[in-house]
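To keep things clear, I will list the structure first and then write my remarks on it.
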Amino acid sequence: MKAAVVTDFTAPLELQERPVPEPAAGQVLVRIEASGLCHTDIHAAHGDWPVKPAPPFIPGHEGVGIVEKVGAGVTSRQVGDRVALPWLGHACGRCDYCVKGWETLCESQQNTGYSIDGGFAELAVADADYVVPVPEGVTPFDAAPLTCAGVTTYKAVKVADVRPTERVAIFGIGGLGHLALQYAQVFGGDVVAVDVEEPKLELARRLGATWTVNARTSDPVEEIAALGGVDVAIVLAVHPKVFEQAFASLRRGGRLVCVGLPPENEGAMEVPIFDTVLKGISVIGSIVGTREDLAEVFRLHAAGRTEVVAEGRKLDDVNAAIDEVLSGATTARIVFEF
Ligand code: NAD
Ligand code: ZN
Ligand code: ZN
């Protein structure tokens, strides 16, 4: 099978011919139809974060495809099922986090495309219990970005506790951001979209943002202060400075939701204690979403409540696709089609 492989954090991905993996007990073998390129895959390929994956590995945690074979003891999935292979590739199912509905915090978790091989390949094996069924009415092309960008921002809006008529700033209208702004509206929020690329702001307006701010040509903190501040700010951009701008944009009682993950050597965000206390601000970290969150994301999409904006590419062009995302030139998401 063809796979895009990270062999070294400083080298481009290598297209390799790999043996088809055998599904072990409890696993399924999935023939990938579509696989989204998340900015996390780029951080993984570059070894940007304190906890690093071990090359050689196959990135990709927005893989969607058809179950081709099931391993011993698998009863939850059948050959022919369409499933998604999300970042949460495996959790223990027994710890207090797993049992309380916070499987995304499980300390024994395995992550697709990071600690286990992912969806940048024609076939992938996955834990049968952690793949998520893709319902009728959701195409594999749309399901791919929903599998990380969708579930992550849906969860971020949930943990922000967005309530109707609240103002919500989304910093970064990329793969995650174009979906975040739609979920904020599903929950009744009024959206301020912030980005540095004019086409992304145009997209935000088309998707229903009430205000847009170009952070390259104006100061988002001043622009948002002129609106009276925001109740919620969700940060999806990849620079610590943006987290500080988002914090400074909040009204009293505001919630800052941190989702973007800048490289470890780019510094830290400074949180002013005085303002946090006096204004009653909450600073919240949010990491992907559960299998149930993803099932809800798929149901919302099947019901016509969200639009996925993506461009198709071939896996052969993986390195060019990465350059496109880094340059800010993509419309929203890139999806490799097989
Ligand atoms: P992306 O590259 O598609 O989007 C980033 C967006 O930020 C782009 O539109 C870019 O133009 C914009 N941007 C750049 N500089 C900006 C600035 N100064 N102000 C405002 N916007 C700016 O990336 P993505 O795939 O959406 O991922 C975003 C981040 O989220 C990455 O760090 C990724 O690793 C992280 N992520 C986190 C989780 C999680 O669970 N916490 C899940 C998925 C991705
Ligand atoms: Zn992702
Ligand atoms: Zn657990």
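Note: hydrogens, waters and symmetry copies are ignored here, and every other heavy atom, side chains too, is used. What you see is a predicted model; the values in this text were computed from it and never measured. Just follow the structure's listing: the first ligand is 1, and inside any ligand the first atom is 1. Residue numbers run from 1 in the order of the sequence given.
Of all the atoms in ligand 1, the ones that sit under 4.0 Å from a non-hydrogen atom of V325 are 2 (O). Residue V238 approaches ligand 1 through these ligand atoms, each under 4.0 Å from one of its heavy atoms: 31 (C), 32 (O). Per-residue contacts place V288 under 4.0 angstrom from the following atoms of ligand 1 (heavy atoms of the residue considered): 39 (C), 40 (O). Annotation for ligand 1: atoms under 4.0 Å from non-hydrogen atoms of G175 are 3 (O), 26 (O). Taking every heavy atom of G174 and a limit of under 4.0 angstrom, the matching atoms of ligand 1 come to 3 (O), 4 (O), 6 (C), 9 (O). Distances below 4.0 Å separate heavy atoms of V242 from the following atoms of ligand 1: 17 (C), 18 (N), 19 (N). Close contacts of ligand 1 with C148, meaning ligand atoms under 4.0 Å from a residue heavy atom, involve 42 (C), 43 (C). Residue-ligand proximity, I173 to ligand 1, at heavy-atom distances under 4.0 Å covers atoms 9 (O).
For the residue pair Y97 / E103, no side-chain donor-acceptor distance below 3.5 Å is found, with atom types taken as modelled. One side chain, Q110 or S115, offers a donor N or O that lies under 3.5 Å from an acceptor on the other. A donor atom on one side chain and an acceptor atom on the other are not found under 3.5 Å apart for S282 and R255.
Checked for salt-bridge contact, D293 and K155 meet the test: a charged N lies under 4.0 Å from a carboxylate O. Using a cut-off of 4.0 Å between Lys/Arg side-chain N and Asp/Glu carboxylate O, R163 and D161 are scored as salt-bridged. Salt bridge status for E33 with R82: present, with a side-chain N to carboxylate O gap under 4.0 Å. Taking the charged nitrogens against the carboxylate oxygens, E68 and R31 do have a contact shorter than 4.0 Å, which makes a salt bridge. Between K241 and E270, no side-chain nitrogen of the basic residue sits less than 4.0 Å from a carboxylate oxygen of the acidic one, so the salt-bridge criterion is not met. Checked for salt-bridge contact, R299 and E292 meet the test: a charged N lies under 4.0 Å from a carboxylate O.
In terms of N/O distances under 3.5 Å, ligand 1 is approached by L261. By the 3.5 Å distance cut-off applied to N or O atoms, H43 is counted among the residues near ligand 1. For ligand 1, the polar-atom distance check finds an N/O of L176 within less than 3.5 Å of one of the ligand's N/O atoms. Considering both main-chain and side-chain atoms, K200 comes within under 3.5 Å of ligand 1 through a nitrogen or oxygen pair. Taking distance alone, with nitrogen or oxygen atoms compared against 3.5 Å, S286 approaches ligand 1 more closely than that limit.
Closest non-hydrogen pair, A180 versus V157, comes out as O-CG2, 4.1 Å. The shortest heavy-atom contact between R18 and Q16 is NE-OE1, 3.2 Å. Between V74 and A128 the shortest heavy-atom distance is CG1-CB, 3.7 Å.
Contact annotation: for E197 versus ligand 1, heavy atoms closer than 4.0 Å belong to the side chain alone. With a 4.0 Å cut-off on non-hydrogen atoms, L236 touches ligand 1 through its backbone and not its side chain.
Checking E324, E62, E307, E311 one by one against R333, the salt bridge (Lys or Arg N to Asp or Glu O under 4.0 Å) holds for a single residue, E62.
The CZ atom of R251 sits 8.0 Å away from atom CD of E166, with the distance rounded to the nearest 0.5 Å. Atom-to-atom distance recorded for T212:OG1 and L203:CG is 11.0 Å, nearest 0.5 angstrom. Here the straight-line distance linking atom CG of L181 with atom OG1 of T210 works out to 9.5 Å at 0.5 Å rounding. To the nearest 0.5 angstrom, K158 atom NZ is 11.0 Å from Y183 atom OH.
Separation of the F9 and H46 ring centroids does not fall under the 6.0 Å cut-off.
Atom 30 (O) of ligand 1 has G260 CA, 3.5 Å as its closest protein atom, hydrogens excluded (heavy atom only). Considering only non-hydrogen protein atoms, atom 22 (C) of ligand 1 sits nearest to A237 CB, 3.6 Å. Counting protein heavy atoms only, atom 44 (C) of ligand 1 is closest to T40 OG1, 3.3 Å. Counting only heavy atoms of the protein, atom 24 (P) of ligand 1 lies nearest to H39 CB, 3.6 Å. Remark: minimum distance from atom 25 (O) of ligand 1 to any protein heavy atom is reached at R333 NH1, 2.7 Å. For atom 39 (C) of ligand 1, the closest non-hydrogen atom of the protein is T152 CG2, 3.6 Å. Protein heavy atom at the shortest distance from atom 7 (O) of ligand 1 is G172 CA, 3.5 Å.
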message = Set out, in order, the CA-CA distance, both residues' side-chain angles and the distance that settles side chain to side chain donor-acceptor pair (under 3.5 Å) for D127 and Q27, then state yes or no.
response = CA-CA 4 Å; D127 186 325; Q27 289 185 327; over 6 Å; no
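Only protein N, O or S atoms were scored, and 3 of them lie under 2.8 Å from the Zn ion (ligand 2). Counting only protein N, O or S atoms closer than 2.8 Å to the Zn ion (ligand 3) gives 4.
Using cut-offs of 30° and 60° on the angle between ring planes, the pair W87 and H61 is perpendicular. Taking the six-membered ring where the residue is Trp, F336 and F120 present perpendicular rings, their angle passing 60° and hence far from 30°.
Distances from atom 35 (C) of ligand 1 to the heavy atoms of V151, V259, V196 put V259 nearest. Evaluated by nearest non-hydrogen atom to atom 9 (O) of ligand 1, the leading choice among D195, L88, T104 is D195.
The neighbour count for I273 CD1, taken as heavy atoms of other residues, nucleotides or ligands under 6.0 Å away, does not exceed 12.
Under the 4.0 angstrom criterion for non-hydrogen atoms, C38 is in contact with ligand 1.
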